[in-house]
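Only one structure is covered here, and it is reproduced in the block below.
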Protein chains: 2
Amino acid sequence: MPKVGMEPVRRKALVDAALRVIGDQGTLAVTMSEIARNAGVSPALAHHYFGSKEQLLIETVRSLLRQLRDDTVTALSVAATPREKLSALIRVSFQASQFAPDTIAAWLAFYSEAQRSEDVRRFLVVYARRLRSNLMASLKALCPVDDAERIAEGAAAMIDGLYIRQSLRSAPIGIEASIALTEDYVTSHLDQLHRQGRAI
Amino acid sequence: MPKVGMEPVRRKALVDAALRVIGDQGTLAVTMSEIARNAGVSPALAHHYFGSKEQLLIETVRSLLRQLRDDTVTALSVAATPREKLSALIRVSFQASQFAPDTIAAWLAFYSEAQRSEDVRRFLVVYARRLRSNLMASLKALCPVDDAERIAEGAAAMIDGLYIRQSLRSAPIGIEASIALTEDYVTSHLDQLHRQGRAI
DNA sequence: TATTTTTGATTGACTCATCAATCAATAAAA
DNA sequence: TTTTATTGATTGATGAGTCAATCAAAAATA
């Protein structure tokens, strides 16, 4: 039943399937067969389009990252002031699409994989940098650079930490609580600078 | 060259080797052969003493957790006031032994594995609970319970977040900087409560 | 328009490697 | 001689990657 132009469709289906399977198994010890089955095609086809499992995995991180970037761009575009942009950045990280158990499990699996695959590591570093630089951009408008750096570092760490804790599913902190906690961190530190007359 | 009483020695050697290999590969996709080789024994011996790979891995998380608990107990015992105990808890998390790249990679690998193995997950939940309850014990002496809960949650998240970010080894935040950031979080929130007259 | 040719999509069957787990055999204590 | 420590060799399962073959759409040609 070969219809022409299937390539992009299949690529997407396979990447999505990889995400699902990884999210489900919570590990990169997933097989091509399983991914292919989940996508409704044969294992051979997965190889045909991606060449190797590694490559399919890379593509999968990439898609995760792209999703997050798109969400971020959208959120930032509707935020007017630097302070609003900060809130938008925090909110995006805990957005439902990012906070879904499957997605969290997949991120975690990739963090673990990053220790072995230089390619995967590079993508995660991009994520870390992006979050940091987005936070910095807004913070610099609100306080001196060195304070901004500290706050950005702290906020980023807190976001990642809340994220990873979510993966254990014990005493799960909800989306709103996570946002409130991070929001609180930023606010209280900015307030502190304000009182010290160091804010802008 | 069988000498009697080798069992405990070998068990420890194998667990230590597992930790090294996992830390090195950053994943639980490690083989019994590799672990055994690293411990200087045959794969068959590893099976002899642990029965299965899963069991050896469980034992390895356990040892990680025990190490952390011992460090924590020691650190808490020399701290007198609640505030000092808080600092001690923070410091322990970033202690050299916990902050070694291998150890970080191993923790990460186990977090990822926790999605699949209920046993591993249980151990990590124990860790999370322990950290939280230790923080709470000291915080409750310094502020109302609901504030304590928020601060404990935030501090724990920040610790985990700094930890995970360390694993990417990009723009690595040092031990001291990590401690300072977390310390800063706790201090500024306690100060805030103080100003509001809600601290104890 | 009818036909042949080329190309893209797809898979079943296969190969090769790896790995967890088993077991029987050996060697040294006790 | 019984027990403990240890391993080499083997087995059985699984999984990544390859390949040749099939099928149908599209393009080219008659």
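Quick caveat, the model's predicted, so the values are computed rather than measured. In the text below, chain A, chain B and the rest are named by the order of the sequence lines, each starting its count at 1.
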- prompt: Just checking, is any N or O donor in the side chain of E183(B) or S87(B) under 3.5 Å from an acceptor N or O on the other one?
  reply: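 On atom types as modelled, these side chains qualify, holding a pair under 3.5 Å.
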Length of the line joining [X]:[atom1] and [N]:[atom2], which is rounded to integer Å:
X	N	atom1	atom2	answer
E34(B)	dC19(C)	CD	C1'	12 Å
M6(A)	dT7(C)	CE	P	20 Å
K53(B)	dT14(D)	NZ	C1'	13 Å
M32(B)	dA13(D)	CE	P	19 Å
I35(A)	dG15(D)	CD1	P	12 Å
E7(B)	dA28(C)	CD	P	21 Å
H48(A)	dA21(D)	NE2	C1'	14 Å
F50(A)	dT10(C)	CZ	P	13 Å

One should read off an interatomic distance between I90(B) CD1 and L135(B) CG, to the nearest 0.5 angstrom, of 7.5 Å
Closest to the [X] side chain: [options]?
X	options	answer
H47(B)	dT11(C), dA16(D), dA21(C)	dA21(C)
L45(A)	dT10(C), dT6(D), dC23(C)	dT10(C)
A44(A)	dC23(C), dA9(C), dT11(C)	dT11(C)
V41(B)	dA9(C), dT7(D), dT18(D)	dT7(D)

**Asked** Who are the salt bridge (Lys or Arg N to Asp or Glu O under 4.0 Å) partners of R129(A), not counting sequence neighbours?
**Response**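 For R129(A) there are no salt bridge (Lys or Arg N to Asp or Glu O under 4.0 Å) partners, ignoring immediate neighbours.
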task: Quick one: list whatever passes salt bridge (Lys or Arg N to Asp or Glu O under 4.0 Å) with D119(B), sequence neighbours left out.
output: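 For D119(B) the salt bridge (Lys or Arg N to Asp or Glu O under 4.0 Å) partners, ignoring immediate neighbours, are R122(B).
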DNA chain D nearest-nucleotide lookup for T31(A) and G51(A): closer to the 5′ end is T31(A)
Using a 4.0 Å heavy-atom cut-off across all strands, classify [X] as base, sugar-phosphate, or nothing.
X	result
Y49(A)	sugar-phosphate
S42(B)	base
V9(A)	nothing

Are any of R10(B)'s side-chain N or O atoms less than 4.0 Å away from OP1 or OP2 of dT4(D)? no
TODO: Examine R62(A) relative to F123(A) and say whether NZ or CZ is less than 6.0 Å from the centre of the six-membered ring and inside a 45° cone about the ring axis.
DONE: no
